[in-house]
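Beneath this line is the structure, given in structure tokens, with notes to follow.
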Amino acid sequence: MPLSSSVSDIMCLLRLAYCKREVFNMASNYSLVLLFLVFAGTFLETEGKLTPTFYSFKCPKALSIVQEEVVAAIKNETRIGASLLRLHFHDCFVNGCDASVLLDDTSSFVGEKTAAPNNNSIRGFEVVDHIKAKLEKACPGVVSCADLLALAARDSVVYLGGPSWKVRLGRRDSTTASRSAANTSIPPPTSNISSLISNFAAQNLSLRDLVALSGSHTIGLARCTLFRSRIYNESTIDAAFAKSLQGSCPRSGNDDNLASLDLQTPTHFDNLYYKNLLKAKGLLHSDQELFNGTSSADKLVKIYANNTFAFFKHFSKAMVKMGNIEPLTGSQGEIRTNCRKVN
């Protein structure tokens, strides 16, 4: 073979190798750009917006940790399931779902725990502390207390026989609390139907949301002081039902004696709460107001009393909607390492 031909062939091979390398580099760069865009898109999608997959990479065991600890807590004390569900509700109705309800009093402000709707009423703080400690051990400074409450509420409902839903996550924790807001934002058990509707509307929750979320009273207990006036003074209550409660809730004293919000199954999440309303056996005045013969809520109570599936469906949707009330996201607030105090 002539020398010139050999040189020509070698040069051709070199050009081919160079071209292949350039093609490979272009492909690699393209893959890197594509990967970057995927991550950037995910960030933009989740930044400032709640999503069920928020902890998929940041703390993949977060959801299972909360679930396991909630189940263990309920096995230890069945009532705690209702308490955890109530904590989430009382948190979200006061300046949004930001875990402000968990803050202890400090020298600079009075927290929400001693507000009228919460004092000697909300509970479960030790369980929250325990779950938070587990989360901090697994993923320090990652999972917010506000998200913990949202997950614990869902897991409590599911374990007690209720529906499940995808909890949207990504909330951050507040650095302050408001006792005055808690006093005005959380509806008291003496509320009539019009004030209940107005109260929920202020949170962008509809009449259907109100009636469905009230179904959370199918589990849990209430103190005598919250239903005393109803069982002695009201006419919209079944007489035998009222008399059965008067033995443990006298006209004065024994304020802390407890009664089931759902007479039959206070530890099982079902639709008997609504069936009781049809029979004038709502424990709280605000419960019976949902079915008083005059309101637009009556129809929904009848639907849920006769159709558990409809109740579960609407309850799940309402819980997602409630959990989206004014969350702190992005750089707002913080991720508390101790749910009782700011960092």
Side-chain angles (χ1 to χ4, degrees), residues 78-79 81-83 85-86 89 117 121 156-157 160-163 186-197 199-200 207-315 318:
T78 310
R79 183 188 174 195
S83 300
L85 174 58
R86 194 157 178 256
F89 174 85
S121 180
S156 294
V157 170
L160 294 175
I186 301 171
T190 54
S191 300
N192 59 32
I193 186 62
S194 60
S195 63
L196 286 170
I197 292 173
N199 185 281
F200 274 66
L207 174 67
R208 194 181 81 173
D209 297 327
L210 159 63
V211 180
L213 289 172
S214 295
S216 62
H217 284 183
T218 190
I219 55 176
L221 307 170
R223 297 163 62 233
C224 165
T225 186
L226 299 179
F227 58 85
R228 175 182 284 123
S229 178
R230 172 160 166 73
I231 64 175
Y232 286 104
N233 303 320
E234 295 186 15
S235 59
T236 58
I237 186 171
D238 178 83
F241 175 59
K243 187 174 182 180
S244 70
L245 293 165
Q246 291 170 2
S248 61
C249 184
R251 289 184 180 273
S252 63
N254 295 330
D255 287 356
D256 293 331
N257 282 3
L258 300 170
S260 301
L261 287 160
D262 175 347
L263 179 65
Q264 299 93 331
T265 57
T267 60
H268 184 69
F269 200 96
D270 52 33
N271 70 336
L272 289 181
Y273 166 80
Y274 299 103
K275 293 180 182 294
N276 290 333
L277 297 185
L278 297 181
K279 301 174 183 177
K281 293 182 178 181
L283 182 65
L284 305 179
H285 177 82
S286 55
D287 289 330
Q288 197 59 55
E289 278 290 291
L290 300 180
F291 189 78
N292 62 11
T294 62
S295 76
S296 52
D298 284 19
K299 182 179 179 180
L300 287 165
V301 170
K302 289 179 181 178
I303 290 173
Y304 297 155
N306 294 310
N307 190 332
T308 301
F309 176 79
F311 165 45
F312 280 12
K313 179 182 178 181
H314 293 170
F315 180 83

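The chain is numbered in sequence order, starting from 1. All values below come from the heavy atoms of this structure, side chains included, with hydrogens, waters and symmetry mates left out.
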His285: ring pair (Phe, Tyr, Trp, His ring centres under 6.0 Å) partners, not counting sequence neighbours: none
Point-to-point distance, once rounded to the nearest 0.5 Å, from CG of Leu261 to CG of Leu272: 13.0 Å
Quick one, Leu85 and Val157 - any side-chain contact, counting heavy atoms below 4.5 Å? yes
Minimum side-chain heavy-atom gap Phe269-Ser156 below 4.5 Å: no
In this structure, CG of Leu283 is separated from CG of Asn276 (nearest 0.5 Å) by 10.0 Å
Would you say Glu289's side chain and Ile193's backbone share a donor-acceptor pair under 3.5 angstrom? yes
Taking only residues two or more places apart in sequence, or in another chain, which ones meet Arg228 in a salt bridge (Lys or Arg N to Asp or Glu O under 4.0 Å)? Asp255
CD1 of Ile197 to OG of Ser191, rounded to nearest 0.5 Å, is 11.5 Å
Least distance between heavy atoms, Asn292 atom then Asp298 atom: N-OD1, 3.3 Å
Nearest heavy-atom contact between Pro187 and Phe200 is CG-CE1, 4.2 Å
Could you report the tightest heavy-atom contact between Ser286 and Pro188, atom names first, then the distance? CB-O, 4.1 Å
Determine the minimum heavy-atom distance between Asn271 and Ala305, stating which atoms define it. ND2-O, 3.0 Å
Which heavy atom of Leu284 sits nearest to which heavy atom of Pro189, and what is that distance? CD1-CB, 4.0 Å
Thr225: which residues meet the side chain to side chain donor-acceptor pair (under 3.5 Å) condition with it, sequence neighbours left out? none
Taking only residues two or more places apart in sequence, or in another chain, which ones meet Asp238 in a salt bridge (Lys or Arg N to Asp or Glu O under 4.0 Å)? none
Phe311 vs Tyr304 aromatic rings, parallel, tilted or perpendicular, using cut-offs 30° and 60°? tilted
Please, which pairs that meet side-chain hydrogen bond (donor to acceptor under 3.5 Å, both in side chains) have at least one residue in residues 209-224, sequence neighbours excluded? Ser206-Asp209, Asp209-Lys321, His217-Asp287, Thr218-Asp262, Thr218-Asp270, Arg223-Asp256
Rounded to the nearest 0.5 Å, what separation is found between the NE2 atom of His314 and the CG atom of Leu300? 8.0 Å
Quiz: residues 242-252 side-chain donor-acceptor pairs under 3.5 angstrom, not counting sequence neighbours:
from: Ser244; atom 1: OG; to: Phe241; atom 2: O; distance (Å): 2.6
from: Gln246; atom 1: NE2; to: Ile231; atom 2: O; distance (Å): 2.8
from: Ser248; atom 1: OG; to: Leu245; atom 2: O; distance (Å): 3.4

Determine whether Phe227 and Cys224 make a side-chain contact, defined as any pair of heavy atoms from C-beta on separated by less than 4.5 Å. yes
Does a side-chain heavy-atom distance below 4.5 Å link Thr78 with Leu160? yes
Hey, what do you get for CZ (Arg230) to CD (Gln288), rounding to the nearest 0.5 Å? 4.5 Å
From Lys299 NZ over to Leu207 CG, what is the distance, rounded to the nearest 0.5 angstrom? 11.0 Å
